[in-house]
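Here the structure comes first, spelled out in structure tokens, and everything after it is commentary.
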Amino acid sequence: MEDLATSECEEQIANEVSVDLACQVDEVSEANEIEILEEDWQEALKEMQTYMDITPDDLKRIYSIALKHAKKRIESSKIAKDIMTSPVITVRPDSSIKDVAELLLKNKISGVPVVDEENKVVGIVTEFDLLYKVKVEHPLTFKEMLASFFHIGLTHKEKISKISAKKVGEIMTKPVITVSKTTSIFQISALFTEKNINRVPVVGAENKLIGIVTRADIVKALGGGIS
Amino acid sequence: MKNFFNKMKGGGRSPPRVGVSEIFWSWIGSFLGIAAVAYITYGFLEKTDLTLIIGSFGASAVLIYAAITSPLAQPRNLIGGHIISAIVGVACYRGFNETSMWIASALSVSLAIVAMLITKTLHPPGGATALIAVIGSNKIHSLGYLYALIPAGLGAFIMLIVALITNNLAKKRRYPEYWL
């Protein structure tokens with residue numbers, strides 16, 4: 001059973017499909033429960049290569065006490081639910097790119113989750129998607145593109161109307177990396193670094209959106225003191 | 001009651017034996033450390049009222065040359081333990097030698113342990129240093145509180161210098177873990 005769960009995890013991570021929450025949490029707790037046998041302690045003492053003024057039994061006792069404290073510290077630390085923004089500004093896959101650009105600007109944000117009718121997360125669209133993916137398909141300069149969203153440069157009228165009419169579903173990033181509301185702040189910040197992302201949707205059952213955590217939220221939470 | 005006797009069974013295993021190089025460095029360190037204080041004592045101090053060697057240094061050598069990562073073997077414990085215990089020992093001798101030697105002996109060791117625990121300088125040979133202040137020779141007795149500095153403090157200091165040199169000459173050793 002355990003093997004099955006683990007291989008599923010690996011598969012998910014390998015495919016970069018929603019690096020699941022549950023997978024990561026399980027990995028951590030499994031690591032904590034690795035049983036260290038008598039001979040492991042003996043080996044460890046041997047590897048110290050000098051006379052250690054401690055018995056393997058005492059070492060074990062100290063280790064388990066330290067482990068207990070570490071678990072308590074991790075459990076009492078903040079999780080996604082504590083720092084996420086909710087409700088979330090979202091768009092639909094059939095929203096137009098122009099609408100998204102306006103939405104981002106108006107709310108001073110740089111990305112929004114894309115959800116379907118049932119509020120299930122199907123993708124995420126960011127400034128990067130708007131600038132890069134649109135550009136690849138329609139060779140416009142950066143300036144032209146910015147202008148295009150607001151109909152400033154009318155020289156490329158045709159292209160512009162074409163781009164603005166495009167749907168979010170065509171340029172959004174999918175599948176999305178998501179976390180659950182019990183994912184710890186440490187795991188989320190590790191995820192940001194590892195995947196080089198700036199925000200991650202928080203989902204509940206059936207991938208339904210319940211919040212979003214950004215890098216700024218992490219910074220804010222740390223500033224408030226994790227204690 | 002059953003539990004009381006059960007506790008005496010132990011049950012754990014003894015730690016592993018150390019390697020050959022560890023044994024070598026423990027030997028060379030303790031040889032040189034004791035050599036230093038013994039050489040000074042027998043070479044220069046024999047005709048004086050002073051001495052630089054006391055029995056408890058043999059025990060200190062075990063710790064600072066053979067169990068060098070132990071908290072009990074760190075400089076704070078080595079120097080502090082000897083000096084503090086020596087003061088306690090001399091005080092006990094002076095206070096109780098005319099009343100009862102057995103009380104003076106018991107008090108010296110037990111109070112030295114208390115004093116070392118309070119000052120975070122627990123060093124097992126300190127107990128011996130305190131006891132020697134009581135049961136030692138007339139030469140020791142006549143030193144009075146000087147006993148805490150010479151031989152206890154100075155002797156321990158010389159052995160510490162040797163420990164710093166020999167323990168750090170070994171590639172895989174590092175001493176001390178901490179100073180204070």
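A note on names: the letters A, B, ... follow the listed sequences, proteins ahead of strands, and every chain is numbered from 1. Atoms considered below: every heavy atom in the structure, side chains included; atoms not considered: hydrogens, waters and symmetry mates.
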Tell me if the CE atom of A/Met48 is crowded by more than 12 foreign heavy atoms within 6.0 Å. no
Taking only distance into account, so ignoring hydrogens and angles, what donor-acceptor contacts under 3.5 Å exist between chain A and chain B?
{"unit_1": "A/Gln42", "atom_1": "NE2", "unit_2": "B/Ser14", "atom_2": "O", "d": "3.3"}
{"unit_1": "A/Thr50", "atom_1": "OG1", "unit_2": "B/Glu22", "atom_2": "OE2", "d": "2.5"}
{"unit_1": "A/Asp53", "atom_1": "OD2", "unit_2": "B/Ser70", "atom_2": "OG", "d": "2.8"}

Other residues, nucleotides, ligands: >12 heavy atoms within 6.0 Å of B/Met1 CE: no
Chain A heavy atoms under 4.5 Å from B/Ile23: which part of the residue, side chain, backbone, both or neither? neither
Per-residue contact mode, A/Ile54 against chain B (heavy atom under 4.5 angstrom): backbone
Does A/Asn196 have more than 12 heavy atoms from other residues, nucleotides or ligands lying within 6.0 Å of its CG? no
Heavy-atom distances under 4.5 Å only: say whether B/Ala67 touches chain A with side chain, backbone, both or neither. both
Is the count of non-hydrogen atoms from other residues, nucleotides or ligands lying under 6.0 Å from A/Phe192 atom CZ greater than 12? yes
